[in-house]
Every structure is written in C-alpha cells, then in structure tokens.
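What follows is a set of notes on a single structure, which appears directly below.
Quick note: numbers below take in every heavy atom, side chains included, and nothing from hydrogens, waters or symmetry partners.
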Amino acid sequence: MSNLYDQPTIQVSLTPYTLGSIQLGGASERSRFDKLVANIPLWNQIFVISCVIAVSLDPLFFYIPFINEDLKCLGMDKNLKVVALVLRSLLDITFIVHIICQIRQAFKTVNSKLQTTRNSGWESKAKAVARNLSWRSVVTDVLALLPIPQVLLVNVFFKMRGSGYLDNRKILSFLLLAQYLPRIYRIHLSSKKLTQTGLWAKGAFNFFLYILASHVLGAYWYFFSIQRETSCWHRACVKRSISCMDTFYCDDPPTTPRNTEFLKELCPINFPPNATPPFDFGMFLDSLQSGNTATLNFPLKFFYSFWWGLRNLSNFGTNLTTSTYVWENLFAILISIIGLLLFLYLIGNVQTFMQLATTKSEETRQKIIKKEQAIEAWMVKNDLPEDMKNEIKNNIRQQLEENIDAADLENLFSILPWNIRKSLKRFLCMSTLRKVPMLKGMDEKVLKMICDYLKPVMYPENSLVVRMGQPLDRMLFITEGSIWTYMPGGMPTNSVKTKGGFYGEELLKWASSSSPKLPISTQNVQCHTKVEGFVLMSKDLTSVVSKCQLWWNTNDSHQGQGQVQPATAAGGAENSTPRIRYIMHPH
C-alpha cells in the first residue's frame, strides 16, 4: 500500500543571511561556527562551565601580595601574577564569544523577519537588532569582562601611597567585592537554561557553588589580612608622624633606611596570651600568626585559606572573633548571610529533588499498577490458564522494575522469553488453526510448528490489510477486532470476520502446489476496528511444508471441490524413511 508520507522531499532554504555568508566567501568557516553555537543546550553547558571556572580562578589575584615580616614590607608573587593574568585573559574570550553570539543571533532573527523588505535601511535594521537583543544578558557579560582585578590588584594596589591610603583601600575593597556580582549573576542566568540536565547534575552543581563560595571567601580573608596589617603600619606611621608609606613595598628601593622596630612594637602579631595588643587584628590574627600571609608557597596558603572559608561558612561565622573595626564586622556578617543563604538554597534544592524523586516514584508505581491491570484484563479476556498467567505476571513485573516503559501491552510478545511466547501463541491460535478447513486433518506437530512461525501484528482502525490484485503473501488469524472484505464496487462479499476468524486460506493451497507465483488477492481486506492477531508469512509457510513433508496433508473430508493433493504421495510415505526431521524451534 502506497503512502504519500513515504515520498522523499527536498527542502531548500535561502535566507538573506545565508546568501550574505556565501557572498563573503566564508561559507565553510561560518557553517562550522554555526554548528558550534546552533546547539544551544550544549553551548549553554559550555558557557556555564566557563563562568564557574572564571569565578574559581579570579581569587588567584588575591594571593599575589604577601608580607615580608622581617623587613615589614609588601611583596608581589610575580609567577602567580603571570599565571592569573593568562588564565583570566583566556576565560574572558568565552564572554566575548557569548556577546558575539547574542548579537549574531539577533542579526539572524532580524534578517529572517526582514527578508521580504529588501529596501529597509540600516537604521531600521539596527533598531530591530537592538529590540531583539537581551540587554540584561549583554550588559552582564560586559560588566563581567571589566578587568577590575587585573588593574586594581596588579597595578593600583602596589602604588597606593599618601595620606588617603586608607580611604583608597576601602574603595578598592568595595570594587573587588562588587566585581563578583555580574559574574555570579551570569552563572545564575545561564544555569536557568540548563533544562536537559538530570537531578543529580543539578544537585552536584548546587553543592559545587557551596564549595566555590568557601574558596572565594577564603581568598578574601587572606587579602584582607594583608590589608589589616598594612593599615596598622599606616596608623603607626601617623602616630609617629613619620612619612614611611613609600617604604612599604619590597620592590621599591627605599630612599632612607627602613625602620621596622617601631612597626614591630606597635603592630605585633605575636604576644603573650593574656596581654592586650596595641592593635586588634580581629579575625585576621590567625592568618598573620600562622605565617599564611608571609609565604610564597601557593598550595600552602591556598588550602589553609580555603579551609578557613569552608569552616566558617559551614557554621555561619559563629566562631569568628572580630575587632570593633566596622568593615571587618561587615565582612563577618557577609559570611554569615552567605552561609545561611547557600545552606537554605542547597537544602531547598535537595528537598525539591527528594519531592521530585518521590513524585516520580509514585507515578512509576501508578503506571505499574495500570499496566498490570491492563495485562491482567487482557489475560482474563483471552481465558489464559492460571499457570501461564502467573508466569507472564512474574516476567512482566521484572520488566517493569527494570524499565517502566518496557512492558507495553502492544509489545507484549517482544518482551516475553521465547518459551512463554511459544506457549502463548499455541494457546491463542491452536483453536483458530483447527477451524481452517484445509488444516482440520493436519497432524498436531504441523499445527504446533505453524504456531511457532506466527508473528503478532496490530492494524489500526480502517487500515487496508490486503489490496485486491496484489500478491497474497500472508495468512491472517484474528484474536481481537474485526475485518471485512469487499470488491471494488463496494459490495461486501463475506460476513465480517471477528475474533477466531481467519483470511488467506488460498496460501495453503499455494504452499501445497509447486507453483512459484503467489496467489493474487481477489478482494480488499480492511479493518473495521482496531485488529490484533497473528500472520503466517508465505516464506514461513514454505519452511513449515519443507520441514514437515511427512506430516503435511491438506486432504479434508468436508471439502468438495478444489482439493489439492498432499505434497508427498501416500505410497512414498509407506516405503521410505522421513528425509527431514521435525524441528520444534525454527530459526
């Protein structure tokens, strides 16, 4: 039966954008770029991962400064500076590509809408592109690209001098904190587009955010510890009325001999337990006393700072001992708030995941119950024996536990093991085979082999099973539904065939003869309702005849005319041994 939907179709799309790409001579290169960014879910995943890596690497800039406690000066880790600058520059390329992709996508959208209006000016196109751009996303990417840590920490921080040092340092600290907002917000915008990730992937991502926050806060704690000691140096210089800020940097050669004795006296980091120090370093004292800020060993100070951030984020900063310094207390409050928010966010997501898992489990259980009820009704309807019912139930239940969509009533035979499948086909079709006049006198072994070759089929309502004038290559046995036959004029030639009926007996006559040509159908066979049943294909029938020549006998006492002689002569069967043995499990 021909089907219009089976005809091949060719679709040609010529948009102004494609034509423009060809005119520019870069079609192949643009096609590769199109393939890269056309897969939006994949690009979103790549971009989110890039954003997370970028936020993870930005704190490296905070570990560049260190304190030389012997000389009381501020040094720079030049190796770490080069590494941080290179990594930051490489990851900024991702943001640039994302901005270009957004603008390019807006251009493509505008071109597809304006392809009929060729004479539209560049001003109207520019306005249309601006309307199609997601400005919130573009502005966030631009702000995230600003080289704040490169400029402030690598250049400005090591050149701050004069009486406004403390005020300038506060502005610098504020900008360093603020530069994280667009990057974190960028992760939030991109992570919302990850709709195809699983629950476990989203849970792992939320947990990673908790670890990332510990890493960032630990880096800030390290940097603020250095700032706190240099603040003490500045206050000591002011107290002694000495202009000594120019001598605080180890790389700058001092114009006068560096006097560090008064700094050790007014800014001591080691003192007796019960003594009151002249300067309260607050929660930064631990970093200074442990030598964390004085070492160039990056793994040592990184993991120590990371552990401090994770420990205080987990207990919401309750163990922090702060001084009366306002900015220090604000930092401690920020740690408590971030810890609480991340904890609630993580717990909330875990609870959501558990609810989704519970809901999914309940839905799965309901599906299993419905499928078991449907299969139970089908078995009762076909009057299956109890032992076969139990065997099918056990097998279906095992399939449902492995895959809820595996056990479908329409595909029941495809998921049952071969032994149950064989027994079920024999039970359902043996009585129908015995109704066929040419098979009434057939040996039991032949009927069983025919059952083994039967294939389950299902036809939708009003579908055409056999068309008149076409070769008849199958014999249909109906187990559910009804079919009717008719001539081209539309007049029915037979009564409607229902459950237990069959069609295509001519194929048995053809198999018993030596004709190589299949019989031609003289009727149209159409489904009146949805039909379930089994078909015996012509090639399978010839296999049965060839394997069971000794038992193949289509003589029937109830038939009057049109009798076909058996494939093997009776006399030949009396004086010869069987040439082909009966095979119970055909391939």
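With hydrogens and angles disregarded, no donor-acceptor distance shorter than 3.5 Å links the side chain of Glu505 to the backbone of Val436. Listed for the Glu461 side chain is no donor-acceptor partner under 3.5 Å among the backbone atoms of Lys530. Side chain of Asn395 to main chain of Glu391: no donor-acceptor pair is present (N/O by atom type, distance under 3.5 Å, no hydrogens or angles). Looking only at distances, no side-chain donor or acceptor of Asn382 sits under 3.5 Å from a matching main-chain atom of Leu384. With hydrogens and angles disregarded, a donor-acceptor distance shorter than 3.5 Å links the side chain of Ser546 to the backbone of Ser543. Remark: the backbone N or O of Gln470 is not paired with any side-chain donor or acceptor of Ser521 at under 3.5 angstrom.
To the nearest 0.5 Å, atom CH2 of residue Trp378 and atom CD of residue Glu532 are 8.0 Å apart. Of the inter-residue distances, the one linking Leu424 atom CG with Arg426 atom CZ reads 12.0 Å to the nearest 0.5 angstrom. We find the CZ-NZ distance between Arg474 and Lys455 to be 10.0 Å, quoted to the nearest 0.5 Å. Taking CG of Leu508 as the start and CD1 of Ile450 as the end, the distance is 7.0 Å to the nearest 0.5 Å. Put simply, CG on Leu313 and NE2 on His215 are 13.5 Å apart, with the number rounded to the nearest 0.5 Å. Rounded to the nearest 0.5 Å, atoms CG (Leu428) and CG (Asp383) are 10.5 Å apart.
Aromatic ring orientation, His528 versus Trp484: perpendicular (interplanar angle above 60°, classes split at 30° and 60°).
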Practice prompt. Walk me through it: do Trp510 and Thr542 pass the test side chain to side chain contact (heavy atoms under 4.5 Å, CB included)?
Written response: CA-CA 9 Å; Trp510 167 81; Thr542 56; 3.4 Å; yes
Discussion item. Apply side chain to side chain contact (heavy atoms under 4.5 Å, CB included) to residues Val457 and Leu476 and explain how you reach the verdict.
Written reply: CA-CA 9 Å; Val457 291; Leu476 175 63; 4.2 Å; yes
Worksheet item: Does the pair Leu447 and Met430 meet the rule for a side chain to side chain contact (heavy atoms under 4.5 Å, CB included), with working shown?
Response: CA-CA 7 Å; Leu447 297 180; Met430 188 64 74; 3.6 Å; yes
Practice prompt. Check the pair Lys509, Glu506 against salt bridge (charged side-chain N to carboxylate O under 4.0 Å, His left out), reporting the backbone distance first and the verdict last.
Written response: CA-CA 5 Å; Lys509 300 177 184 179; Glu506 296 87 350; over 6 Å; no
Worksheet item: Could you go step by step and tell me if Glu376 and Lys393 meet the salt bridge (charged side-chain N to carboxylate O under 4.0 Å, His left out) rule?
Response: CA-CA 8 Å; Glu376 176 69 25; Lys393 286 180 182 178; 2.9 Å; yes
Practice prompt. Would you check, one step at a time, whether the test side chain to side chain contact (heavy atoms under 4.5 Å, CB included) holds for Ile478 with Lys497?
Written response: CA-CA 8 Å; Ile478 304 172; Lys497 298 180 182 295; 4.0 Å; yes
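Between Leu472 and Leu518 the shortest side-chain heavy-atom distance does not fall below 4.5 Å. Contact of the Leu541 side chain with the Met475 side chain is not registered, since no non-hydrogen atoms from C-beta on lie closer than 4.5 Å. The side-chain heavy atoms of Leu536 and Leu507, taken from C-beta on, include no pair separated by under 4.5 Å.
Contact detail for Ser314 and Tyr210: the closest heavy-atom pair is CA-OH, 3.2 Å. Taking every heavy atom of both residues into account, Leu91 and Ala54 meet most closely at CD1-CA, 3.6 Å. Nearest heavy atom pair, residue Leu143 against residue Pro182, reads CB-CB, 3.8 Å. Of all non-hydrogen atoms in Thr529 and Ser482, the two that sit nearest each other are OG1-N, 3.1 Å. Shortest non-hydrogen contact noted between Lys425 and Cys451 is CE-O, 3.5 Å. Looking at every heavy atom in both residues, Ile483 comes nearest to Tyr503 through CD1-CB, 4.4 Å.
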